[in-house]
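Everything numeric here is computed off the predicted structure, so don't read it as measured data. All ligand and atom numbering here is 1-based and tracks the order in the structure.
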Amino acid sequence: MPNSIRYLSPKMICLLAAFILAASLSVLSLAIEGDWKLPIIIFGVTFALSYFVYNYFLQIFIGRRLKLIYKFIYNTKAGKKEQFFYDKILPQKTIEQVESDVTQWAEKKSTEIEQLKVNEQFRKEFLSNLTHELRTPIFTVQGYVHTLLDGAIEDDQVNLKFLKNASKGLDRLVQLASDLEQISALEAGNNPILLSNFKIMNLVKDTYEELMLKAKEKNITLLFKEDADEHLMVHADREKIRQVVVNIIENAIKYGIVDGTITTGFWELDKHKVYIEISDDGVGIEEQHLSRIFERFYRTDKSRSSAIPGTGLGLAIVKHIIEAHGQIINVRSKVGVGSSFGFSLAKSKN
Ligand code: ADP
């Protein structure tokens, strides 16, 4: 199609075609008659008539089809707005604009299809990860309960140990259910952020107290950085940030070394932001895992094969909460040296 025609609306094309026909006939009649009167009449009549006929057929063959295309791509139902679009806007559209509308629609659809494919892949991975995480504790519990029922219950040497192991498997299942509940509530968005102002030092102190016993099991000392400002106030959802701090410190204990230390520091990043960093001197994380540890169910091979229990959901929950606050989280780590998890929060305005 010549480029100049692409920029014309169907109405303008009719006018042009009618003009060409009327002009040709009137020039012909002028050549035969040698007089202006008849050619002018022929021009007028031919122009009006052919414009009417062209427009009529164009409406039938192109207009109605275009209307159908628009109905399809916009998924519209007849309403006043749509009628206005079909009566007033559509006839003015050039072929170029129609082409661009259809291309835009096709691009939108292809993005939607891509997204659906990603979601489908995501759903498959989620299901297979979930199955994998469920299998281990379920089979553990099943194994110990069956062994006990098959007679081990009478054996005082092992019965208590087997029961404790079964109970550990159940604890893992409960942890998995609670992590899953949290993550799905966060993703569904039915767990709104309730902002308040609070001292970050107090929140970390409370968490230290809560996890003191766990830390003692490995003789880990819980400390604050010397320059941590105890008056620093943040503006965030206290309960959710408590969850973030709990998850990070629990990991620092789990993956920490015996007699190790966990240190928390917080600093003012600028007038509006505070940066909180929790560091341990534990096993550390290999570089190739660093970018993935915030993914759901992601556990490094080491932690998977070790006896350290975990769901691989803790850091995914942390990331969700921090991002729901519009803030960022990052990790620095070196194998054998330790890991530092840092995140920003809004500074309280008072
Ligand atoms: P998990 O339930 O396995 O602890 P998380 O989502 O909390 O799941 O953590 C994901 C993985 O990141 C862990 O399996 C572990 O390999 C690694 N990780 C997290 N925190 C630490 C840490 N402080 N030190 C070393 N590795 C860590």
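The neighbour count for F19 CZ, taken as heavy atoms of other residues, nucleotides or ligands under 6.0 Å away, does not exceed 12.
Heavy-atom separations between G312 and ligand 1 include at least one value shorter than 4.0 Å. Note on ligand 1: F341 sits in its first shell, one or more heavy atoms being nearer than 4.0 Å.
Note on ring orientation: taking the six-membered ring where Trp is involved, the planes of F341 and F294 are perpendicular (angle over 60°, cut-offs 30° and 60°).
Residue L313 has at least one heavy-atom neighbour below 4.0 Å for each of these atoms of ligand 1: 6 (O), 8 (O). Set against the non-hydrogen atoms of S339, the atoms of ligand 1 under 4.0 Å away are 22 (C), 24 (N), 25 (C). Residue T300 has at least one heavy-atom neighbour below 4.0 Å for each of these atoms of ligand 1: 14 (O), 16 (O). For ligand 1, the atoms closer than 4.0 angstrom to any heavy atom of K254 are 1 (P), 2 (O), 4 (O). Remark: ligand 1 atoms within the under-4.0 Å shell around heavy atoms of G284 are 25 (C).
Ranked by closest heavy atom to atom 2 (O) of ligand 1, the top entry among D179, T311, D281 is T311.
For the 3.5 Å distance criterion, the side chains of E323 and Q327 fail to qualify, holding no donor opposite an acceptor.
Checked against side chain to side chain contact (heavy atoms under 4.5 Å, CB included), A185 has the following partners two or more places apart in sequence or in another chain: N190, N191.
No salt bridge links R296 with E125; every basic N to acidic carboxylate O contact stays at or beyond 4.0 Å.
Distances between N or O atoms of A316 and those of ligand 1 include no value under 3.5 Å. Between Y298 and ligand 1, no pair of N/O atoms sits closer than 3.5 Å.
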